[in-house]
> 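Below you'll find the structure I mean.
The chains referred to below are lettered A, B, ... by the order of the sequence lines, with proteins before strands, and numbering in each begins at 1. This one's a predicted model, so the numbers in the text were calculated from it and none came from an experiment.
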There are 4 protein chains.
Amino acid sequence: MKSAILEAAEDLIAANGLSGAPLAQIAKRAGVAVGTLYNYFADRDALIAALFEMRRATLRPRLRAAVTAGEGLAFEARVRAFVREVFAAFEAHRKFIKVAIETEHHRLTPGTTAKDLMSTIDELVKIGAKEGIVAAERSELLAIAMTGALKALVLRRISSNAKLDDAEADGLVSLLLDGARA
Amino acid sequence: MKSAILEAAEDLIAANGLSGAPLAQIAKRAGVAVGTLYNYFADRDALIAALFEMRRATLRPRLRAAVTAGEGLAFEARVRAFVREVFAAFEAHRKFIKVAIETEHHRLTPGTTAKDLMSTIDELVKIGAKEGIVAAERSELLAIAMTGALKALVLRRISSNAKLDDAEADGLVSLLLDGARA
Amino acid sequence: MKSAILEAAEDLIAANGLSGAPLAQIAKRAGVAVGTLYNYFADRDALIAALFEMRRATLRPRLRAAVTAGEGLAFEARVRAFVREVFAAFEAHRKFIKVAIETEHHRLTPGTTAKDLMSTIDELVKIGAKEGIVAAERSELLAIAMTGALKALVLRRISSNAKLDDAEADGLVSLLLDGARA
Amino acid sequence: MKSAILEAAEDLIAANGLSGAPLAQIAKRAGVAVGTLYNYFADRDALIAALFEMRRATLRPRLRAAVTAGEGLAFEARVRAFVREVFAAFEAHRKFIKVAIETEHHRLTPGTTAKDLMSTIDELVKIGAKEGIVAAERSELLAIAMTGALKALVLRRISSNAKLDDAEADGLVSLLLDGARA
DNA sequence: TATGAATGAGTTTTCATTCAT
DNA sequence: AATGAATGAAAACTCATTCAT
């Protein structure tokens with residue numbers, strides 16, 4: 001029930017944005033009465049927060065796992081493994097990822113998947129810097145650029161109904177580590 | 001008067017988001033009565049649209065100029081010049097740029113500065129591909145990544161009250177063309 | 001509840017006209033909150049339309065019945081029966097009849113009781129023409145005049161709190177069929 | 001100037017009703033600024049009232065004249081002359097007559113042409129009664145019916161862009177005095 | 001006198017939240 | 001727990017009226 005409600009909310013937010021998902025519509029789509037929403041969530045904000053936290057609870061472990069996935073490998077291979085894992089995780093939650101990226105700057109969605117992605121990438125880049133693979137003075141920039149590039153790529157692919165596969169992941173990693181020159 | 005209203009709207013949207021700027025507050029901050037807003041804009045949507053179009057009218061020529069800024073130069077220098085120009089333009093409109101990037105996916109803000117940036121970068125990357133500097137098979141990815149990285153960097157700097165200067169621009173270009181390796 | 005709201009609207013419109021019945025007053029008189037109105041009607045226009053349609057649904061069958069009331073009788077007797085029935089029906093809905101006649105030409109009230117009356121009278125007059133009782137070349141005029149005269153008489157009686165009884169009906173029919181000469 | 005404003009108001013009211021004629025539109029159509037309206041009329045109500053009074057000032061004398069038009073003639077001829085005169089007067093002010101009849105029951109238009117018509121007809125009918133032509137017990141009814149029938153006929157003809165000529169007038173008089181029988 | 005931008009009270013409309021069943 | 005009608009505060013919108021120029 002709770003998750004049926006959250007899925008209904010997710011659908012509507014994905015389609016119409018955060019302010020295009022009134023409780024009446026969420027309830028209708030979830031097949032329950034409005035009043036029922038209040039048996040599961042204190043208020044609208046809490047419902048939205050719960051949606052983001054539910055997905056976060058699923059995605060954060062996978063992001064964490066993605067960091068450790070390539071442990072022992074050379075840095076490039078490790079980053080490649082990381083991005084492949086991230087893409088796989090996002091692929092499994094396309095609708096929410098769209099929502100998470102699009103509403104990233106909204107008051108109601110602080111500290112959610114977008115932030116988790118950022119901090120995970122930070123962590124990974126620091127490893128590269130410590131290993132001397134990534135130029136120290138470029139590491140902050142790399143982290144920011146990688147996060148931005150990844151989100152842009154993901155959103156693009158989701159919006160055009162294209163897959164997020166390993167080739168896509170490898171391409172992004174090559175670009176960021178070796179540049180775009182021919 | 002019209003622009004005082006739009007600036008008030010910009011301030012409020014920058015502070016509280018698109019749905020955190022009721023007409024009563026906009027009017028108050030602009031120092032006019034609510035009714036006055038309707039002397040200048042058909043309705044709330046039109047006011048918001050006008051804000052984005054006003055800034056767009058200022059920024060688009062600068063983005064276009066940024067593309068031609070480095071004409072004749074080698075591609076890397078040209079991209080460098082482009083990003084420096086873009087940063088200079090964004091620096092002059094920090095508040096709006098924050099708003100434009102944060103609300104990029106909102107129903108009320110289609111075809112605005114964020115799109116102009118994307119298409120401008122597209123154009124530039126195509127030149128690099130034609131010149132053989134950018135690997136053809138990487139050009140789409142480069143355009144997406146560059147747009148995403150640039151927006152992420154800009155937003156980060158604006159949010160932390162840091163400048164968007166030439167050094168920042170050069171760093172981003174190096175990263176994208178040559179990669180992050182030490 | 002729905003009909004309490006419509007009755008409140010009817011009262012206010014009868015007293016102050018269509019534009020003298022704001023939703024706040026309708027709600028107050030109906031003993032509900034303003035928001036409640038929107039649980040029953042899409043918007044103000046829909047509420048007004050519903051009022052006219054509700055009464056129409058009641059009155060139209062009675063007008064139809066009035067046409068058949070005198071079937072088999074000689075034409076004059078038939079018309080007499082018709083007008084008596086109409087008066088009885090109107091008598092039972094004085095307040096609405098007042099509203100319906102007074103707002104007959106308003107944008108929000110097309111195709112309502114006033115039109116039904118007109119078309120019903122048309123039908124009846126055609127019967128009289130076919131039977132040769134009414135001069136063919138006078139039938140259109142008779143229909144128009146009868147409708148106008150009937151509405152004027154009804155409105156007059158309602159406004160002066162006078163009854164609409166059989167004598168009144170018979171008087172009108174005599175006048176229209178035989179003229180006013182002594 | 002004043003009459004240009006009143007004509008603009010008349011046009012708009014004829015087209016959209018009393019509540020479909022905001023001052024801004026009236027001013028625009030009259031080719032003046034809103035503020036100017038207040039140099040000629042105390043407020044909106046006064047403007048509307050002035051429109052009705054201006055026309056009334058023109059029409060009332062013609063209605064009065066219509067009563068005396070047939071003095072000396074036999075009653076039927078006199079009524080015929082009266083209705084012909086009325087039709088001629090109304091024909092010359094079709095737009096206003098439409099407005100006057102349609103808004104007859106509005107708060108802002110008491111004691112105007114519609115009432116003048118009624119009282120004029122009353123007067124005429126009384127003459128017929130005194131002369132013994134109209135049955136005394138039918139005179140009130142005749143007056144009401146004649147007024148209603150006349151207004152209905154006029155409105156019908158104006159709405160369908162048909163003329164109000166002498167034949168039309170004669171037809172109405174015959175109907176009311178002699179009835180519709182073949 | 002003419003102008004038309006500015007005003008703000010009045011009205012409509014939305015929607016999260018409550019609560020009796 | 002589930003329901004959904006009722007609520008009313010907040011927001012959008014309209015328009016007669018004012019007033020500085």
Side-chain angles (χ1 to χ4, degrees), chain A residues 1-2 4-5 9 19-28 30-48 108, chain B residues 1-2 4-5 12 18-28 30-48, chain C residues 1-2 4-5 12 18-28 30-48, chain D residues 1-2 4-5 9 19-28 30-48 108:
Chain A
M1 177 100 287
K2 196 162 182 167
I5 294 170
S19 47
L23 292 183
Q25 277 187 46
I26 293 176
K28 190 176 190 182
V32 300
V34 224
T36 304
L37 303 182
Y38 286 85
N39 289 330
Y40 294 93
F41 309 99
D43 55 24
R44 186 178 193 274
D45 285 7
L47 188 158
I48 304 295
L108 287 176
Chain B
M1 182 96 285
K2 195 166 184 166
I5 293 170
L12 286 165
L18 262 178
S19 46
L23 294 180
Q25 276 187 47
I26 293 175
K28 191 175 189 183
V32 300
V34 204
T36 303
L37 304 183
Y38 288 88
N39 290 334
Y40 293 93
F41 310 99
D43 56 21
R44 188 180 192 276
D45 284 8
L47 189 157
I48 304 293
Chain C
M1 180 96 288
K2 195 164 184 166
I5 293 169
L12 286 164
L18 261 180
S19 47
L23 294 180
Q25 276 187 46
I26 294 176
K28 191 174 189 183
V32 301
V34 205
T36 303
L37 304 183
Y38 287 88
N39 290 335
Y40 293 92
F41 310 99
D43 55 23
R44 188 180 191 278
D45 285 8
L47 189 157
I48 304 294
Chain D
M1 176 100 288
K2 198 161 182 168
I5 293 169
S19 48
L23 292 183
Q25 276 187 48
I26 293 175
K28 191 176 188 182
V32 301
V34 222
T36 304
L37 304 181
Y38 286 85
N39 289 329
Y40 294 92
F41 309 99
D43 56 24
R44 187 179 192 274
D45 285 7
L47 189 157
I48 303 295
L108 289 175

> Which nucleotide in the list dT12(E), dA16(F), dT3(E) gets nearest to the side chain of V32(D)?
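Taking heavy atoms from C-beta onward, the closest nucleotide is dT3(E).
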> Tell me what V34(D) touches on the nucleic acid: a base, only sugar-phosphate, or nothing, going by heavy atoms under 4.0 Å.
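Answer is base: heavy atoms of V34(D) come under 4.0 Å of a base.
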> Just the rounded figure in Å: distance from P of dT18(E) to CZ of R44(A).
15 Å
> I need the single residue from L37(B), N39(B), I26(B) that forms a side chain to side chain contact (heavy atoms under 4.5 Å, CB included) with V32(B). Which is it?
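That would be L37(B); it is the only one of L37(B), N39(B), I26(B) passing the side chain to side chain contact (heavy atoms under 4.5 Å, CB included) with V32(B).
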> Hey, which of these two, D43(B) or G35(C), hits DNA chain F nearer its 5' end, going by closest nucleotide?
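Nearer the 5' end of the strand: G35(C).
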> For a side-chain contact (heavy atoms from CB on, under 4.5 Å) check, start with the C-alpha distance between Y40(B) and L47(B), then their side-chain angles and the critical distance, and finish with the verdict.
CA-CA 8 Å; Y40(B) 293 93; L47(B) 189 157; over 6 Å; no
> In whole Å, what is the span from the CG atom of L37(C) to the C1' atom of dT13(E)?
11 Å
> In the structure shown, which nucleotide is the Watson-Crick or G-U wobble counterpart of dT21(F), with both distances under 3.5 Å?
dA2(E)
> Taking the side chain as C-beta and beyond, is there a heavy-atom pair between F41(B) and I5(B) under 4.5 Å?
yes
> Roughly how far, to the nearest 0.5 Å, is CG of L23(C) from OG1 of T36(C)?
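So the OG1 of T36(C) and the CG of L23(C) are separated by 11.5 Å.
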> Report yes if at least one side-chain N or O of Y40(A) is closer than 4.0 Å to OP1 or OP2 of dA2(F); otherwise report no.
yes
> Is the shortest side-chain N/O distance from T36(A) to OP1 or OP2 of dT3(F) below 4.0 Å?
yes
> In whole angstrom, give the distance that lies between atom CG of L23(A) and atom C1' of dA16(E).
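Spelled out: CG on L23(A) to C1' on dA16(E) is 6 Å.
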> Rounded to whole angstrom units, what separation is found between the CE atom of M1(B) and the C1' atom of dA6(E)?
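Interatomic distance, CE of M1(B) to C1' of dA6(E): 9 Å.
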> Using only side-chain N and O atoms of N39(A), determine if any of them is under 4.0 Å from OP1 or OP2 of dA2(F).
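Yes, such a contact exists.
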> In whole angstroms, how far is the C1' atom of dT11(E) from the CD1 atom of I26(C)?
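Interatomic distance, CD1 of I26(C) to C1' of dT11(E): 11 Å.
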> Quickly work out the L108(D) CG to dA16(F) C1' distance and round it to whole Å.
13 Å
> What is the distance from NZ of K28(B) to P of dA10(F), rounded to the nearest Å?
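It is 14 Å, rounded to the nearest whole Å.
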> Within this structure, what is the CZ-to-P distance between F41(C) and dT14(E), rounded to whole angstrom?
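Atom-to-atom, F41(C) to dT14(E), this comes out as 15 Å.
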> Any side-chain N or O of Y38(B) under 4.0 Å from OP1/OP2 of dC13(F)?
yes
> So which heavy atom on A30(D) is nearest to which on A4(D), and how close?
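Heavy atoms only, the tightest pair is CB-O, 3.9 Å.
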